[in-house]
Amino acid sequence: MNDFPPGNNPDSNVPGNPPPQPDWQRWELEHGFPQSGPELEPTPRPAPVDIETSRHLWWAVALIGAISALYSVWTLFGARAEFAQSLLDDLAAQDAAADMTVESTQSMVTVMLVVTVFIVLGFGALFLFWVKRMRAGKMWARMLLTVIGSFTVFTTVLDLFAIASSTGAANIVMSVLGIGQGVLAAGAIYLMHRRESNEYFVASRKQ
């Protein structure tokens, strides 16, 4: 067996010519060395149909939640003057109004609403990240979504009682969307915990 890499035999050097460059790749192949190169990322395991369906349901839950939150912010923004006056009256009743005016209180309410919008968008992005990790078979993501979904289902029960006392087409529509959100969350939770889904999460944890 040749212990020198091809092209690096000392007897093959000719005076006046540059020595040939060794063919390390061929030498490693002949001697059974593993080839160096970029490591290929493992192909993600295909998820069961129930997991894929659950992911889509969670997307719908997130969309409805964002619509409901932004609608509430928009409604409060339209009535910010009345809300600021009500807040100022409450502070005055507690002798805590200080030098605050309706204009300053209204500006403070506007800032609060803007901050709320950023919080809603940030939580929505984080929620979608949890859904993505659930799709990848992460057990902790499934547990977290189960807790959030259970709370959503609980609030849906309250919406069932609130829809009877809702006035205005917009409020009724938002109540119906809230009920639909709870139904979708319940379906997503159920699909995440079926037999094939459980086997998928267990297998993913062993990898």
Side-chain angles (χ1 to χ4, degrees), residues 34-77 112-207:
Q35 294 298 299
S36 58
E39 295 183 359
L40 299 178
E41 295 183 359
T43 304
R45 297 177 64 252
V49 177
D50 289 341
I51 293 297
E52 293 290 356
T53 306
S54 177
R55 178 179 61 165
H56 296 154
L57 293 180
W58 284 124
W59 287 353
V61 169
L63 179 61
I64 294 176
I67 292 174
S68 300
L70 294 178
Y71 173 77
S72 299
V73 171
W74 177 257
T75 302
L76 191 55
F77 180 79
M112 292 172 54
L113 294 177
V114 172
V115 172
T116 302
V117 171
F118 281 104
I119 292 175
V120 169
L121 295 178
F123 181 78
L126 186 61
F127 184 85
L128 293 179
F129 171 75
W130 293 334
V131 174
K132 181 179 180 180
R133 301 315 297 162
M134 183 277 297
R135 162 61 181 79
K138 300 301 180 181
M139 193 78 72
W140 62 266
R142 181 179 71 162
M143 184 181 302
L144 187 59
L145 291 175
T146 300
V147 173
I148 297 175
S150 299
F151 178 78
T152 303
V153 173
F154 174 75
T155 57
T156 301
V157 178
L158 302 179
D159 289 334
L160 289 173
F161 293 100
I163 193 173
S165 59
S166 298
T167 58
N171 292 332
I172 294 177
V173 169
M174 296 310 300
S175 297
V176 172
L177 284 178
I179 295 173
Q181 185 185 34
V183 173
L184 293 174
I189 294 173
Y190 171 73
L191 293 176
M192 287 193 308
H193 291 272
R194 295 192 67 186
R195 181 178 61 83
E196 291 185 0
S197 300
N198 288 328
E199 294 174 353
Y200 172 72
F201 283 104
V202 172
S204 299
R205 186 172 58 180
K206 293 179 180 179
Q207 288 183 347

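One-based numbering along the sequence shown. Since this is a predicted model, take the numbers as computed values, not measurements.
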Value rounded to 0.5 Å, distance of OG in S204 from CE in M134: 11.5 Å
By side-chain contact (heavy atoms from CB on, under 4.5 Å) - contacts of A62 (at least two apart):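 Applying side-chain contact (heavy atoms from CB on, under 4.5 Å) to A62 gives F127, L128.
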Inter-residue atom distance L113.CG - F77.CZ, 0.5 Å rounding: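 The distance works out to 7.5 Å.
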A136 to Y200 - nearest heavy-atom pair and separation: C-OH, 3.6 Å
Contact summary for E196 and P48, nearest pair of heavy atoms: O-CG, 3.9 Å
All salt bridge (Lys or Arg N to Asp or Glu O under 4.0 Å) counterparts of R194, not counting sequence neighbours: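 Per chain and number, R194 pairs via salt bridge (Lys or Arg N to Asp or Glu O under 4.0 Å) with D50.
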Set of side chain to side chain donor-acceptor pair (under 3.5 Å) partners for E52, sequence neighbours left out: R55, R135
Between NZ on residue K132 and NZ on residue K138, distance to nearest 0.5 Å: 12.0 Å
I148 CD1 to I189 CD1 distance, which is reported to the nearest 0.5 Å: 10.0 Å
Over all atoms of both residues, closest heavy-atom pair of T156 and T152: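 Residues T156 and T152, closest heavy atoms: OG1-O, 2.8 Å.
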Minimum heavy-atom distance A60-L184, with the two atoms named: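 Heavy atoms only, the tightest pair is CB-CD1, 3.6 Å.
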Test ring-ring contact (aromatic ring centres under 6.0 Å, His included) applied to W59 - qualifying residues, sequence neighbours left out: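 For W59 the ring-ring contact (aromatic ring centres under 6.0 Å, His included) partners, ignoring immediate neighbours, are H56.
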Least distance between heavy atoms, A188 atom then L57 atom: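 Reported closest heavy-atom pair: N-CD1, 3.6 Å.
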Summary of side chain to side chain donor-acceptor pair (under 3.5 Å) pairs that have at least one residue in residues 139-150, sequence neighbours excluded: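 For residues 139-150, and leaving out neighbouring residues, the side chain to side chain donor-acceptor pair (under 3.5 Å) pairs sorted by first residue read R142-N198, T146-H193.
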All side-chain contact (heavy atoms from CB on, under 4.5 Å) counterparts of S72, not counting sequence neighbours: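 In terms of side-chain contact (heavy atoms from CB on, under 4.5 Å), with neighbours along the sequence ignored, S72 is linked to no residue.
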Neighbour count >12 (heavy atoms, 6.0 Å) for atom CE, M112: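 Check fails, neighbour count at 12 or below.
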Nearest atoms (heavy-atom pairs only) where L191 meets S197: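 Minimum heavy-atom contact is O-OG, 2.7 Å.
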